[in-house]
Amino acid sequence: MQSITKEFPGVRALDDVSFEVRAGENHALCGENGAGKSTLIKILGAVHPHGTYDGQLYIDGKEQRFHTVRDAERAGIAIIHQELALIPEMTVAENIYLGQEPCRFGLIDKRRLHRDAAQLLSQFGLRLPLQTPVHELGIGQQQLVEIAKALSRNARLLVLDEPTAALTESEVEVLRQILALLQEKGVACIYITHKLKEIFQVADRVTVLRDGKTVATQAVAACTEAMLISQMVGREFSRDARFPKREGDAHRQKQVALRVENLSTDSPEPPRLDSINFEVRRGEILGLAGLMGAGRTELINVIFGAYSGRWSGDVSINGNPVAIHSPRDAIRHKMGLVSEDRKRYGLILDADVTCNMTLASLGASESIINRRAEFEKCNRYIESLRIKAASLTVPVNHLSGGNQQKVVLGKWLMTQPDILFLDEPTRGIDIGAKAEIHSLIAQLAAEGLAIVLVSSELPEILGISDRILVLHEGKLTGEFINDNVTQEDILRCAAGPITPHPLETEQTPVGETSQS
């Protein structure tokens with residue numbers, strides 16, 4: 001790709017960007033949200049067709065002019081976007097071969113379809129339920145379906161946009177093995193990620209974009225994490241700056257905001273929550289760790305009234321028992337929930353910023369909205385959260401991932417919650433936006449909010465939590481006061497105890513750990 005320039009109304013997304021990938025190379029593409037990565041890839045995949053941008057696109061030295069996505073696919077380009085392109089009602093096998101189904105006598109040959117899909121998954125070590133509708137899978141498994149779909153097309157160039165954002169450690173390892181196999185076959189890969197650790201694990205070279213321009217292309221072996229961060233944000237960025245310092249254990253002397261006792265679910269599918277007991281105090285950030293499928297999301301959904309199955313147990317707020325049967329009940333009890341899938345559960349993508357930010361604050365009986373008051377209130381949160389948007393009337397899907405996440409946070413802060421659940425609040429956003437959200441979380445805790453933080457990134461859990469609970473297969477297997485705790489300590493509990501021991505009580509001294 002040579003001298004690529006792409007403009008949208010009022011914005012130059014790419015400015016004279018040049019980018020090349022060699023055969024059999026794993027090439028990382030990184031930069032903050034809004035740097036131009038997604039726009040560049042959409043040009044490569046003809047989402048933005050030839051004629052809508054300036055510059056040239058070459059494959060094997062020959063200039064290409066892709067007018068449709070199908071043109072790019074015929075040239076051997078397969079792109080897995082952050083927004084997964086799956087048909088929820090169709091099965092895993094049907095999604096893998098969507099548009100290229102094997103036919104017999106003019107009808108889809110279901111037997112061959114499943115046989116081919118099974119062979120493909122076996123070849124690359126993927127384990128997926130072929131006859132299960134995609135909507136019944138978690139985000140991580142849906143991501144693997146997208147990867148399998150790309151592999152079925154025998155791509156010469158595979159583009160992965162944040163491929164591990166929703167994967168477990170074991171699934172990430174499978175992906176690395178797939179990339180190694182493809183590399184042996186001469187398949188090139190463009191690997192887009194905000195997880196800098198992964199760049200050093202999988203990439204041969206890395207290109208950094210900033211503000212729509214190419215900053216550097218270099219061998220990964222010649223880079224350091226600090227160097228990449230500096231190139232991405234345009235300034236020195238220390239590790240300490242990513243995680244704000246917490247003020248000792250003062251929160252432990254404060255009032256218990258939320259207490260959960262003997263919470264269990266009666267679900268036919270795992271994870272089944274089993275006698276969960278915990279509490280979180282005002283001003284405390286409680287980290288909730290565990291492998292995917294451990295039950296972290298299910299736990300906070302039950303408490304928030306967003307769980308559709310049967311459950312039992314007791315929930316108390318400020319020492320008073322409460323009955324929460326719906327998110328509306330939770331909001332009435334001054335709770336907020338930033339869900340892990342902001343595009344599916346947190347935002348109305350086609351609606352504007354104002355609509356999204358005020359959605360949770362509107363009362364059930366309100367039929368007339370005071371637009372002036374709405375705009376004034378939204379403006380205050382736009383300024384305090386430093387949300388970058390052209391205006392309050394711009395559709396939220398025009399914002400970068402980090403700014404979309406801030407809109408979701410603003411929506412819940414506008415309800416003035418006392419208890420805030422954050423499920424993967426920094427997934428898929430760049431390191432600068434992550435640091436801003438970490439600072440905001442710490443500020444909210446300092447103001448007295450009780451915060452429950454779910455994260456699959458252990459450095460994030462360790463960097464910002466005051467106390468950490470670990471789940472394994474629906475059970476609490478560890479509790480740590482966050483003082484000299486290691487990732488190994490948490491992973492040991494997340495993998496499941498060898499010999500169970502009861503958790504220590506609230507009197508656990510700061511600096512000691514308890515685990516079972």
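The pair Glu457-Lys434 counts as a salt bridge, with a side-chain nitrogen and a carboxylate oxygen less than 4.0 angstrom apart. In summary, Lys37 and Glu162 do not engage in a salt bridge, as defined by a charged side-chain N under 4.0 Å from a carboxylate O.
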Subject >> Audit row: Ile437, Leu422, side-chain contact (heavy atoms from CB on, under 4.5 Å) steps and yes/no >> reply: CA-CA 11 Å; Ile437 288 177; Leu422 303 173; over 6 Å; no
**OP:** Give the intermediate values and the outcome of side-chain contact (heavy atoms from CB on, under 4.5 Å) for residues Trp412 and Ile331.
**Re:** CA-CA 9 Å; Trp412 289 111; Ile331 293 171; 3.7 Å; yes
Original post:
So Glu460 and His438, side chain to side chain donor-acceptor pair (under 3.5 Å) or not? Walk me through it.
Top reply: CA-CA 9 Å; Glu460 181 171 65; His438 291 153; 2.7 Å; yes
**OP:** Take His50 and Asp71 through the test side-chain contact (heavy atoms from CB on, under 4.5 Å) and record every step on the way to the result.
**Re:** CA-CA 11 Å; His50 179 79; Asp71 291 341; over 6 Å; no
**OP:** Decide side-chain contact (heavy atoms from CB on, under 4.5 Å) for Gln218 and Gln231; before the verdict, give the C-alpha distance in whole Å, the side-chain angles of both, and the deciding distance to 0.1 Å.
**Re:** CA-CA 12 Å; Gln218 56 223 328; Gln231 291 171 345; 2.8 Å; yes
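When side chains are defined from C-beta on, Arg70 counts as touching Thr68, because their heavy atoms get closer than 4.5 Å. A heavy-atom distance below 4.5 Å is found between the side chains of Ile300 and Val454. Tyr97 has its side chain within reach of Asp116: a pair of non-hydrogen atoms, C-beta onward, lies under 4.5 Å apart. With a 4.5 Å cut-off on side-chain heavy atoms, Glu173 and Gln177 count as touching. Side-chain contact between Ile80 and Pro163 is absent, with no heavy-atom pair separated by less than 4.5 Å. You'll find the side chain of Thr214 reaches within 4.5 Å of the side chain of Leu209, heavy atoms only. Side chains of Leu175 and Val172 form no contact here, defined as non-hydrogen atoms less than 4.5 Å apart. Counting only heavy atoms from C-beta outward, the side chains of Cys30 and Val206 approach each other to under 4.5 Å.
For the pair Asn482 (side chain) and Ile468 (backbone), a donor-acceptor distance under 3.5 Å is absent. Proximity of a side-chain donor or acceptor of Ser122 to a complementary backbone N or O of Ala118 within less than 3.5 Å is not detected. Formation of a donor-acceptor pair under 3.5 Å by the Asn356 side chain with backbone atoms of Ile348 is found in this model. Without hydrogens or angle criteria, Arg205 side chain to Val21 main chain gives no donor-acceptor distance under 3.5 Å. A donor-acceptor distance shorter than 3.5 angstrom exists from the side chain of Thr354 to the backbone of Leu392, with no hydrogens or angles considered. Judged by distance alone, the side chain of Ser439 and the main-chain N or O of Ala435 form a donor-acceptor pair under 3.5 Å. When atom types are taken as modelled, the side chain of Thr358 and the backbone of Ser361 share no donor-acceptor pair closer than 3.5 angstrom. Remark: the backbone N or O of Val202 is paired with a side-chain donor or acceptor of Asn26 at under 3.5 angstrom. A donor-acceptor distance shorter than 3.5 angstrom exists from the side chain of Lys6 to the backbone of Thr52, with no hydrogens or angles considered. Between the side chain of Thr5 and the main chain of Asp54, no donor-acceptor pair closer than 3.5 Å is present.
Atom NZ of Lys42 has 12 or fewer neighbouring heavy atoms from other residues, nucleotides or ligands inside a 6.0 Å radius. Heavy-atom neighbours of Tyr58 OH from other residues, nucleotides or ligands within 6.0 Å: above the threshold of 12. Applying the 6.0 Å contact sphere to CZ of Arg156 captures no more than 12 heavy atoms from other residues, nucleotides or ligands. The environment of Arg115 atom CZ is dense: over 12 non-hydrogen atoms of other residues, nucleotides or ligands sit within 6.0 angstrom. In this structure, Lys343 places its NZ atom where more than 12 heavy-atom neighbours from other residues, nucleotides or ligands lie under 6.0 Å away.
With values rounded to the nearest 0.5 angstrom, Tyr345 atom OH is found 8.5 Å from Asn301 atom CG. Considering CD1 of Ile79 and CG of Leu44, their distance stands at 5.0 Å, rounded to 0.5 Å. The distance from atom CD1 of Ile77 to atom CG of Leu157, rounded to the nearest 0.5 Å, is 5.5 Å. The line from CE of Met414 to CG of Leu359 is 11.0 Å long, rounded to the nearest 0.5 Å. Expressed to the nearest 0.5 Å, how far CG of Asp423 lies from CG of Asp341 amounts to 10.0 Å. Annotation: the span from Asn397 atom CG to Leu347 atom CG amounts to 9.5 Å, rounded to 0.5 Å.
When all heavy atoms of Leu98 and Glu101 are compared, the closest pair comes out as CA-OE2, 3.6 Å. Nearest approach of Thr297 to Glu340, heavy atoms of both residues: OG1-OE2, 3.7 Å. When all heavy atoms of Gly346 and Ser339 are compared, the pair lying nearest together is N-OG, 3.8 Å. Between Met1 and Leu57, the shortest heavy-atom distance links the atoms CG-CD1, 3.6 Å. Heavy-atom minimum distance, Gln100 versus Ser152: NE2-OG, 2.7 Å. What you find for Tyr381 and Leu413 is that their closest heavy atoms are OH-O, 3.2 Å.
The side chain to side chain contact (heavy atoms under 4.5 Å, CB included) check on Phe200 picks up Val220, Cys223, Glu225, Leu228, with sequence neighbours excluded. Residues passing the side chain to side chain contact (heavy atoms under 4.5 Å, CB included) test with Ala13, sequence neighbours excluded: Phe8, Thr39.
For Glu447 and Gln443, the side-chain atoms include at least one donor-acceptor pair closer than 3.5 Å. Donor-acceptor pairing under 3.5 Å is recorded for the side chains of Arg296 and Ser456.
Exactly one of Asp204, Thr217, Thr207 qualifies for a side-chain hydrogen bond (donor to acceptor under 3.5 Å, both in side chains) with His27. That residue is Thr207.
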If you look only at distance, which donor and acceptor atoms sit under 3.5 Å apart when one is on a side chain in residues 131-139 and the other is two or more places apart or in another chain?
none

